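Remarks on the structure that follows.
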Protein chains: 2
Amino acid sequence: MNTDIPTDVMTIREMCEAYEVTPRTLRYYEAKELLTPIRIGTRRLFTRRDRARLALILRGKRFGFSLEDIRQTLDLYDRDGGLTAQRQKAYDLAVKRLAEMETQRAELDLAIADLKAELADAEAKGLVPRRAA
Amino acid sequence: MNTDIPTDVMTIREMCEAYEVTPRTLRYYEAKELLTPIRIGTRRLFTRRDRARLALILRGKRFGFSLEDIRQTLDLYDRDGGLTAQRQKAYDLAVKRLAEMETQRAELDLAIADLKAELADAEAKGLVPRRAA
DNA sequence: CGTCACAGTGACGTTAGCGTCAACTGCTCT
DNA sequence: AGAGCAGTTGACGCTAACGTCACTGTGACG
């Protein structure tokens, strides 16, 4: 009994400024079924849900996941939660992603340590005047 | 006084199997000046240095860095170390990359925590029978 | 009522990062 | 010498993730 339009929606421009993306990007994500903004006539209105998803998308991208990878796990974050097979699959995938991310975290720690060592070495050799905290 | 060929070199096939990449990839990296294998006639021989660089390349890729990003910092890892402006630039860039990686680490921790919470929530709702350690 | 700024829809262009194929070039082994 | 095989060089192909452009639609406003 609440089929009307949510009040806290944003236009495409507002979205772009809020998340530093272009309209093209948002339309592209919609085409790829990552976002599902409300359509008023032809115009798009992005809901709270869209914003949450967009944040997750952008985050995922920074970790090197593809949009397709991201799309497949996004559903897990939907609160409506039917006990569908769809959702079960999303869950399974998410478990795998979690493992990947933890692996990546370990690797990242290693890479950071390595890089720090290289920098320290370069400094020790007197190559640079940098002050590292 | 050691201009001859290093003994611990690898052919392109050996490299491919060792690092799970294709010949195409290695040639591509060479074309992009990420690797500089020795050329015997037309054949390539990959040195210890190439292997170290390749490992760094593959690692960088997993964190979402572009090959160009990677190329620009790789020089820092070269042990020969002239005090060139080149090297100074590599150092400066590396400092920036380090900051990026630490940001990424923080985000990754957040993302992991989020995802774990979602999974726990899904389990609590009885959506799945998974046993998480 | 004109226009004007913003939104939308194709459709084509672009870049990175390789895949794929064809046509050589050398070895090496028989 | 011929066969075979790993390796090389173009050259073209392809996908993801958008950019860009040309055109259409439309609500607001003087």
Side-chain angles (χ1 to χ4, degrees), chain A residues 5-6 8-47 50-51 53-74 93 97 100 104, chain B residues 5-6 8-47 50-51 53-74 93 97 100 104:
Chain A
I5 308 160
D8 61 339
V9 295
M10 290 173 67
T11 72
I12 200 168
R13 278 297 154 195
E14 289 165 347
M15 288 291 282
C16 291
E17 285 168 27
Y19 294 88
E20 299 187 88
V21 294
T22 68
R24 180 68 177 93
T25 299
L26 294 178
R27 289 194 270 261
Y28 182 73
Y29 289 172
E30 184 185 0
K32 293 288 174 177
E33 296 180 80
L34 290 160
L35 300 178
T36 51
I38 304 171
R39 305 302 289 258
I40 299 300
T42 72
R43 306 287 168 91
R44 291 165 176 84
L45 289 180
F46 295 84
T47 66
D50 291 314
R51 273 169 272 147
R53 292 172 72 99
L54 181 54
L56 290 170
I57 294 166
L58 298 178
R59 171 188 278 177
K61 284 199 56 180
R62 261 172 268 133
F63 303 146
F65 290 109
S66 74
L67 291 182
E68 181 54 22
D69 281 349
I70 295 168
R71 193 186 61 77
Q72 289 172 2
T73 43
L74 265 180
L93 253 165
R97 295 274 182 266
E100 288 177 43
Q104 195 164 346
Chain B
I5 307 162
D8 61 340
V9 296
M10 291 172 67
T11 72
I12 200 166
R13 279 296 153 196
E14 289 165 348
M15 287 291 281
C16 291
E17 285 169 28
Y19 294 89
E20 298 187 271
V21 294
T22 68
R24 181 67 177 91
T25 299
L26 295 178
R27 288 194 271 258
Y28 183 73
Y29 290 171
E30 183 185 1
K32 292 287 172 176
E33 295 179 83
L34 290 159
L35 300 178
T36 51
I38 304 172
R39 305 301 289 258
I40 300 300
T42 72
R43 308 284 168 97
R44 292 165 175 84
L45 288 180
F46 295 85
T47 66
D50 290 314
R51 273 169 271 147
R53 292 172 72 98
L54 181 54
L56 290 169
I57 293 166
L58 298 178
R59 171 188 275 178
K61 284 199 57 183
R62 262 172 264 132
F63 303 145
F65 289 110
S66 74
L67 291 182
E68 179 54 21
D69 282 347
I70 295 167
R71 192 188 60 78
Q72 289 172 4
T73 42
L74 266 180
L93 254 166
R97 298 272 183 265
E100 287 176 43
Q104 194 166 344

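To find a chain, count down the sequence lines: A is the first, B the second, and so on, and within it residues start at 1. Please read these numbers as outputs of a predicted model, since none were measured by experiment.
Taking CG of A/D8 as the reference point, atom CZ of A/F46 lies at 14.0 Å (rounded to 0.5 Å). Taking CZ of A/F63 as the reference point, atom CG of A/L58 lies at 11.0 Å (rounded to 0.5 Å). Interatomic distance, CG of B/D50 versus OH of B/Y29, reported as 13.5 Å (0.5 Å rounding). If you take OG1 on B/T25 and CG on B/L67, they are separated by 9.5 Å, rounding to the nearest 0.5 Å.
Where DNA chain C meets chain B (any atom under 4.0 Å from a heavy atom), the bounding nucleotides read 5' to 3' are C/dG17 to C/dG26.
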Can I get a per-line list of side-chain donor-acceptor pairs under 3.5 Å for residues 10-18 of chain B, giving both atom names and the distance, sequence neighbours left out?
unit_1	atom_1	unit_2	atom_2	d
B/T11	OG1	B/R13	N	3.3
B/T11	OG1	B/E14	N	3.2
B/E14	OE1	B/T11	N	2.9

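Distances shown here put a side-chain N or O of B/T11 below 4.0 Å from the OP1 or OP2 atom of D/dG7. Put simply, A/T25 has a side-chain N or O that comes within less than 4.0 Å of OP1 or OP2 on D/dG19. At the phosphate of D/dC18, OP1 or OP2 sits under 4.0 Å from a side-chain N or O atom of A/Y29. An OP1 or OP2 oxygen of D/dG19 is reached within less than 4.0 angstrom by a side-chain nitrogen or oxygen of A/T22. Close to D/dC18, at under 4.0 Å from its OP1 or OP2, lies a side-chain N or O of A/K61.
Relative to the side chain of B/R43, the nucleotides D/dC18, D/dG19, D/dT8 differ in distance, and D/dT8 lies closest.
Residue B/R44 is the one, among A/Y28 and B/R44, whose nearest nucleotide of DNA chain D lies closer to the 5' end (criterion: closest heavy atom).
Looking at A/E68 and A/R71, a side-chain N of the basic residue comes within less than 4.0 Å of a carboxylate O on the acidic one, giving a salt bridge.
Using a 4.5 Å heavy-atom threshold, the side chains of A/D69 and A/R97 count as touching.
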Could you go over nucleotides 11-15 of chain D and give all protein N or O partners under 3.5 Å, atom names and distances?
none

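Note: CD1 (A/I57) to C1' (D/dA17) measures 13 Å, nearest angstrom. Atoms CZ (B/F46) and C1' (D/dA6) sit 13 Å apart, rounded to a whole Å. The separation between A/I40 atom CD1 and D/dT26 atom P is 14 Å, rounded to whole Å. Taking atom CG of A/L26 as the reference point, atom P of D/dA17 lies 15 Å away to the nearest angstrom.
In this structure a side-chain-to-backbone donor-acceptor pair under 3.5 Å is missing from A/Q72 to A/L93.
For the side-chain contact (heavy atoms from CB on, under 4.5 Å) test with B/L35, the passing option among B/L74, B/T47, B/L26 is B/L26; the others fail.
Nucleic acid contact for B/R27: base, since at least one base atom lies under 4.0 Å from a heavy atom of the residue.
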